[in-house]
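Source: prediction; values computed, not measured.
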Amino acid sequence: MSYTLPPNLHMVHRTPKKLREVAPPKVLNCDWLTSPEAWEKEKFSINIVEFIEQTQGLNAYPDMVLIGVLTHQIDVYVECARQMAQKGLVADYNNGVTTGSSLYFSMADKALNRILQIMKELGLTPGHRVGVVRSITPESLAMEAFLAGP
């Protein structure tokens, strides 16, 4: 019994499956989270560009403005963390008459919200990554190949 496929299925039927090359993910070191003195803007920017290109397989240069803004917002956050470490979370206002939370705390909070928004836009948060192999174990690669279909 002979049958023919409709024209719209020829492309699906004859398209060979492409296997993705698997490279071990680059390990990023974030010492600046615990030690703000270790923060280096340029190194971070270069690492993020390399990470985006490695994980998303895209040229990250069109995103350079967003990466620059992300770096700036993290710089603001780190500076606020430095100031809070030196001066504490409580500040005196009105010549010591009233106390309240440090202005650095609210600035750090706003910078952190902006950082997360930019990271989502760049696909750097776990929930916003597209097409990223999260694991390179044989089981996860076999599952990825299975889900890719014939």
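Side-chain heavy-atom separations under 4.5 angstrom define the hydrophobic clusters, and Val90 shares its cluster with no other residue. Using a 4.5 Å cut-off between side-chain heavy atoms of Ile, Leu, Val, Met, Phe, Trp and Tyr, Val97 forms no hydrophobic cluster with any other residue.
In terms of the side-chain contact (heavy atoms from CB on, under 4.5 Å) criterion, residue partners of Thr98 (sequence neighbours excluded) are, by chain and number, Tyr93, Asn94. In this view, Leu66 and Ile118, Glu121, Leu122 satisfy the side-chain contact (heavy atoms from CB on, under 4.5 Å) rule, not counting sequence neighbours. For Val78, the side-chain contact (heavy atoms from CB on, under 4.5 Å) test picks out Trp32, Pro36, Trp39, Ile74, Arg82, with sequence neighbours left out.
Under the 4.5 Å side-chain contact rule for hydrophobic residues, Leu70 and Leu33 share a cluster. Residues Val69 and Val76 do not share a hydrophobic cluster, defined by chaining ILVMFWY side chains whose heavy atoms lie under 4.5 Å apart.
Judged as a salt bridge (charged side-chain N to carboxylate O under 4.0 Å, His left out), not a single pair has a partner in residues 83-106 (not counting sequence neighbours). Sequence neighbours left out, the pairs with a member in residues 35-48 that pass salt bridge (charged side-chain N to carboxylate O under 4.0 Å, His left out) are Lys41-Asp75.
Without hydrogens or angle criteria, Thr71 side chain to Ile67 main chain gives a donor-acceptor distance under 3.5 Å.
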Show me the donor-acceptor pairs, under 3.5 Å and distance only, between side chains in residues 101-117 and residues at least two apart or in other chains.
from   : atom 1 : to     : atom 2 : distance (Å)
Ser102 : OG     : Tyr104 : N      : 3.1
Ser106 : OG     : Leu103 : O      : 3.0
Asn113 : ND2    : Asp109 : O      : 3.4

